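First comes the structure, then the notes that go with it.
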Amino acid sequence: MKPTTGFLYHEICMWHDPGPRSVYDASGLYFQPERALENPETKRRLRNLLEVSGVLDGLTSLKAAPAQIEDLLRFHTPDYIERLQSESAKGPGDAGDGAPFARGGFDIACQSAGMAMRAVEAVMTGEVDNAYSLGRPPGHHAVSHQGLGFCLLGNIPIAILSAQAKGVVKRVAVVDWDVHHGNGTQEAFYQREDVLTISIHHDNNFPLDSGGVEEAGERAGEGYNLNIPLPAGSGIGAYHATLDELVIPALERFRPELIVVASGFDAAAMDPLGPMILNSQCYRDMTHKLMAASNRLCQGRLVFVHEGGYSEGYVPFCGLAVLEALSDQESPVVDTLGDEISHWGQQALQPHQRDIIESIKPCLDRIRPPL
Ligand code: ZN
């Protein structure tokens, strides 16, 4: 039987406006203004491709209420939420560092977080088998006391903490395959052994000086944060080996009740903010691997929450591949560029990438199953 896949999308999320330039603005005067890289088009075009391909018809549309203040405060500090709320009511501002927003940005971020919450609840209650929340702003860089790197609120921490508070889930594993380090999610659960956080990312990309293997969690959470920093140029072979030899074994050891994927598509070959070379087929295959793991470990309970991905042309193909996999559908869409990318040099696992994966394997020993 085909799985039922919940899908969350709200047009208001596309109205979040980071302003004209949110990456290259450090030099000020000498930058010709351009649209922000984190803009609605990558996500809107993904949603549009789902519709045009017919895949959307096979998904279960879920509606979500915005996250409430009490939900946000399970992760964020009251000072930060108060400041964000009051600045957003007045007009443009920055939630911290590189997380600009226009008037109303706070309310839109609450919608994005509410969609992640709803996705988790719908999967945990059995309303759907798995789910994809296509919201923005993204969340995995936001820390407790400020926004960071396009992220205003920690959508995934808020969703997990809320579900735990309501008693619908205890043990959760997060697999963050966005090309940047999931530092915010790491912070949220750094001292916790009931949430395993795994981040696969480009070594020391964003945030700088964040995401090293030595950041493994502390106190009760020691060993329950697994960072997998990969070298620039990592491709399909490196990511398959990473999943097969690190991520899936970590999940097997941990035995979660739910797996949440921080789903950025900026490790794809065409991305302006990531130096990796994946294609849409690789995202499809990685989704199948995580589905198989979730079927073995937690009745297929798998929630995807959209993060980065900045190629307007290519993100839709990657997202379509993931949603086709999740819902066991096949559309007539052919990704011809993806086929070309698969033939690029160094797509196979390279010796220096193999060495890094081997060096991380001992970290798995610290992950233990539930008592
Ligand atoms: Zn990213």
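Order of listing sets the numbers, starting from 1, for every ligand and every atom in it. Since the model is a prediction, treat every value here as computed from it, not as a measurement.
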query: Would you call the rings of Trp177 and Tyr283 parallel, tilted or perpendicular, where under 30° means parallel and over 60° means perpendicular?
result: perpendicular
task: For the residue pair Phe106 and Ile81, establish whether any side-chain heavy-atom pair is separated by less than 4.5 Å.
output: yes
message: What I'd like to find out is whether the side chain of Leu302 reaches to under 4.5 Å of the side chain of Val123, using heavy atoms alone.
response: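 Not touching, per the 4.5 Å side-chain cut-off.
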query: Is it true that a side-chain atom of Arg118 and a backbone atom of Lys63 form a donor plus acceptor pair closer than 3.5 Å?
result: yes
statement: For the Zn ion (ligand 1), protein N, O or S atoms at a distance below 2.8 Å amount to 4
task: Spell out, yes or no, whether Val305 and Val172 are grouped together once hydrophobic residues are joined by side-chain heavy atoms under 4.5 Å, including indirect joins.
output: yes
- request: Please say whether more than 12 non-hydrogen atoms of neighbouring residues, nucleotides or ligands are located less than 6.0 Å from NZ in Lys170.
  value: no
